[in-house]
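Chain letters run A, B, ... following the sequence lines, proteins first, then strands; residues in each count from 1.
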Number of protein chains: 2
Amino acid sequence: MAKRVTIIDVAEAAGVSRQTVSRAMNDAWGISESTRRKVLEAADRLGYRPSRFARNLVTREKTHALGVMVASFGNPYYTDIAASLLAAAAERGWQIMLTAGESGVEEALSLLAPQVDVIVGHFGIADERLRDVCGGLPVVRMESEVPHDAERLPGFHSVGLDMQSGIQEAVKELRDRGARRFGMVESGHFQRYFGTYEPSARRRWYEEAVGEALSGVVIGDESISGGGRAFAELMERHPDTDAVLMFNDLMALGAVQSAHALGIDVPGRVRIVGVDGLSLGEAVDPPLTSIALDRDELARHVMDIVEILAGADFARIDPIERSVPSRLLWRGSA
Amino acid sequence: MAKRVTIIDVAEAAGVSRQTVSRAMNDAWGISESTRRKVLEAADRLGYRPSRFARNLVTREKTHALGVMVASFGNPYYTDIAASLLAAAAERGWQIMLTAGESGVEEALSLLAPQVDVIVGHFGIADERLRDVCGGLPVVRMESEVPHDAERLPGFHSVGLDMQSGIQEAVKELRDRGARRFGMVESGHFQRYFGTYEPSARRRWYEEAVGEALSGVVIGDESISGGGRAFAELMERHPDTDAVLMFNDLMALGAVQSAHALGIDVPGRVRIVGVDGLSLGEAVDPPLTSIALDRDELARHVMDIVEILAGADFARIDPIERSVPSRLLWRGSA
DNA sequence: ACAAGTTTCGGGAAGGTTCACGATAGGGTC
DNA sequence: GACCCTATCGTGAACCTTCCCGAAACTTGT
C-alpha cells in the first residue's frame with residue numbers, strides 16, 4: 001500500500017517548510033515567485049494532492065453537505081425531485097451528495113452517511129434499520145403521502161404530500177367538463193411489498209370524491225407498460241368509464257399510449273389524469289393532465305428542516321412533520 | 001459564533017475519556033452498557049455530532065468522491081447521463097457529489113471542488129478558468145463530439161462521442177427503407193454561443209452520408225418547441241423531404257408533436273431520427289428512433305479515467321482522450 | 001486469598017492541513 | 001554602522017477524531 005504523499009514530503013523535496021508549500025499550493029501572499037515554482041515542481045513530481053479532509057478540518061468545515069437518496073435515478077419522478085432539491089440546496093449554499101437505492105439501500109447509505117451532515121430521501125426501509133446504517137445522522141423522509149401518525153424515532157423527520165385537495169379539484173373539474181363515470185388505476189406496489197393489500201390514500205380520497213359515480217378500480221404495475229395494461233383492462237371491464245385517475249404519471253403515460261392503440265380518443269372519449277406533474281408529461285401528445293406535486297415547495301420544506309437540523313442541537317429537536325399541497329395541472333389529456 | 005461541540009466536551013460532561021466516547025458513538029466493543037448509555041445521554045444533551053472530516057482523516061479516507069457537474073438537471077439528457085454515472089460510480093465504490101451549472105458554473109464548482117477528488121462534467125468554460133476554480137483538481141470533460149485536437153492543459157482529460165458510425169448507419173437504414181430526400185434540423189446553440197455559426201459535427205457527418213440526397217437544413221432552438229418549429233419550417237420549405245435527422249432527441253420530440261399537429265404521418269410520410277437515445281424517447285408515441293449514445297459505456301470510460309487519476313501521481317499523467325461510439329436505436333418514428 | 005484471565009477504560013500519538021506569530025535576511029535611510 | 005521596514009520563510013499549535021497499547025478494575029478458578 002503506497003503511503004500517501006503529504007505536504008511534508010513535498011516540503012522536504014523542495015527544501016522548504018510545510019507552510020511554504022501550503023502558500024504555494026493556495027497561491028497565497030508572501031512567497032517569492034521562484035520558490036513557488038520550485039515547490040510546485042516538487043509537488044508535481046511527487047504527485048502531491050492535499051487531503052481535503054485535513055484541509056476542511058482546519059478551515060472549520062464551513063460547507064455543509066446534504067446526502068440525498070432516491071429509489072431510482074432512471075425514474076423521472078425522482079430525477080425531477082432531485083432537480084428541485086439541487087436547486088434549493090444550491091441556493092442555500094449546501095452541497096448535494098447523491099446516491100440511489102437500486103442496488104442495496106443499506107450499502108449505499110452506509111457509504112453516504114460518513115460524508116454528509118443530513119440525509120434526505122425515499123428509503124423504503126424502517127426507521128430502526130435506517131438509524132443503524134446512518135450512524136445517528138438526522139434523516140428527512142420524503143413521503144408519498146401525508147405522514148401518518150406513526151411513532152417517529154427521534155432524529156427522523158418527514159415531508160409528505162397532501163393529495164386530497166388536488167384530487168377533489170380534479171374530480172370537480174372533470175365533472176364540470178361532463179365526466180360521469182369515474183374509473184381508477186391503482187398501484188399494486190403496496191400489495192407486492194407488504195403482501196396484504198391496503199388501499200392507497202389516493203384511492204381513498206378519489207373514491208370519497210367521486211362517490212356513486214365510481215365505475216371501477218383496476219390494480220396495475222407502477223410502470224408505463226403496467227399502466228397501459230391496467231388501463232386497457234379497466235376500459236374493457238367498465239366500458240362506460242369516461243374519466244380515469246391513474247395512480248401516477250408514469251402509468252398515465254402508458255394509459256395514453258394504450259388508448260391510442262385501442263383507438264380511444266383522449267380526452268374526447270375518456271379523460272385521463274395522472275399524479276405527480278412530471279415535467280415529462282409536457283413532452284407527450286396530448287400533454288398529461290396531472291395532480292402535481294409542487295416539487296419546488298417540497299424542496300423548500302426539506303431545506304427548511306435541514307437547516308433547522310444543521311443549526312446545532314439537532315438531537316433535541318422533536319420530529320418535524322410537514323406536508324406540501326398538490327395542485328391540479330390542467331393540460332391536454334383531460 | 002457558537003463553538004463546536006467536540007468529543008472532549010462530551011467526555012468531560014460524561015466524566016470519561018475521549019476514547020470511551022468514541023467507543024460509545026461507534027458502538028464498538030469494550031464498553032459497558034451503563035457507561036455507553038451515560039455517554040450517549042451526554043452527547044445527546046450537548047448536541048454532539050462527530051466531525052466527518054476529523055473522522056475521515058484518521059480512518060485514511062478510503063472512500064473517494066467524484067464531483068459531477070451537469071449543465072442542467074431539468075434536461076433529461078443530463079439526468080440520463082448522471083444516472084449511468086451514478087451506477088458506474090456506485091459499482092466501483094465511489095460517491096458522487098452532484099451540482100448543476102445553471103446558476104453560475106464557477107461558483108458551483110468552487111463549492112464542489114474542495115469536497116471531491118476528481119471533477120467530471122459538462123462545463124462550457126475554458127480550461128484556464130476551470131483550472132483556477134478547481135484548485136488543481138483533475139478534470140474529465142464529457143464532450144458532445146469527439147475531442148478535437150485542441151491543446152489540453154495538463155490534468156484535463158476527456159471522453160467524447162463519436163457519431164459518425166451511428167449517422168452512417170442511420171442513413172443507410174433510412175435508404176433501405178425507401179427514404180430519398182434527407183433533411184436536417186441543426187442546433188442554433190453554437191451560433192448563439194460563439195456569435196459565428198460553424199456547422200456541428202453531426203451536420204458534417206450527415207451531409208457527407210446523404211450526399212446529393214440532402215433536401216435542406218434548418219436551424220432551430222435546442223428545445224422541444226424549438227425542434228417543433230424548425231421541423232415545421234423544414235417541411236414547408238422542402239416538402240419533398242421524407243427523412244429528417246433532428247439534432248437531438250429533445251428537438252425530435254418536438255418534431256413528432258409538430259408532425260402530428262400538421263397531419264403528417266410518422267413514419268409513413270416522413271421518418272424522424274433523433275440523437276442521444278434518451279430513455280424518454282420510449283415513453284412517447286411513436287417511440288423515437290435515435291442515434292444513441294451508449295451512456296453506460298460513457299460512464300465506464302469516465303470511471304476508468306477517474307480511477308487512473310485517483311491512483312496517485314495523477315499529475316504526471318498525460319491528458320487522456322477517449323471516445324464512445326454511437327449506435328442506431330431503431331424504434332417507431334423512422 | 002492469590003494467581004490468572006477478562007473486561008473496561010485512559011493516555012499518548014497519529015493523521016494532514018492551515019493559522020498566528022516569530023525569525024531571518026536584505027534594502028534603504030540617516 | 002545603527003536603525004527600521006518589508007518581503008520571505010519557518011516553528012509551534014490547533015483542528016477533531018481514531019488507533020495502539022498499557023493500566024486499572026473486576027471476575028473466576030483453586
Classify the side chain of A/Arg23 and the base of D/dT8 as holding, or not holding, a donor-acceptor pair under 3.5 Å. no
B/Arg92 with B/Asp304: basic N within carboxylate O range, under 4.0 Å: yes
Checking D/dC16, C/dT8, C/dT18 against the side chain of A/Asn26 (C-beta onward), the nearest is C/dT18
From the options C/dG10, D/dC15, D/dT18, select the nucleotide whose nearest atom is closest to the side chain of B/Thr59. D/dT18
B/Thr35 side-chain proximity, nearest of D/dC16, C/dC9, D/dT18: C/dC9
Which residue lies toward the 5' end of DNA chain D, A/Ile31 or B/Met25, if each is placed at its nearest nucleotide? A/Ile31
Is B/Asp276 paired with B/Arg295 through a side-chain N to carboxylate O contact shorter than 4.0 Å? no
Give a yes or no on whether a donor-acceptor pair under 3.5 Å exists between the nucleobase atoms of C/dG15, that is its base, and the side chain of B/Arg55. no
For B/Ala100 and B/Phe73, which heavy atoms make the closest approach, and how far apart are they? CB-N, 4.4 Å
Taking the minimum atom-to-atom distance to the side chain of A/Gln19, which one of D/dG10, D/dC15, C/dT17 wins? D/dG10
Test side-chain contact (heavy atoms from CB on, under 4.5 Å) applied to A/Val68 and A/Val140, A/Leu112, A/Leu85, the passing residue: A/Leu85
Quick check on the helix from C/dA1-D/dT30 to C/dC30-D/dG1: what's the angle between its two end axes, five base pairs per end, to the nearest 10°? 40°
For a quick test of reading the model: is some side-chain N or O of A/Ser51 closer than 4.0 Å to OP1 or OP2 of C/dT17? no
Could a donor-acceptor pair under 3.5 angstrom be found where the side chain of B/Arg18 meets the base of C/dG12? yes
Let me know, please, whether B/Val16 or A/Pro50 comes out on the 5' side of the other along DNA chain C by nearest nucleotide. B/Val16
Does the pair A/Arg36/A/Glu33 count as a salt bridge with the N-to-O cut at 4.0 Å? yes
For a side-chain contact (heavy atoms from CB on, under 4.5 Å) with B/Arg141, tell me which candidate from B/Ile119, B/Asp127, B/Val120 qualifies. B/Asp127
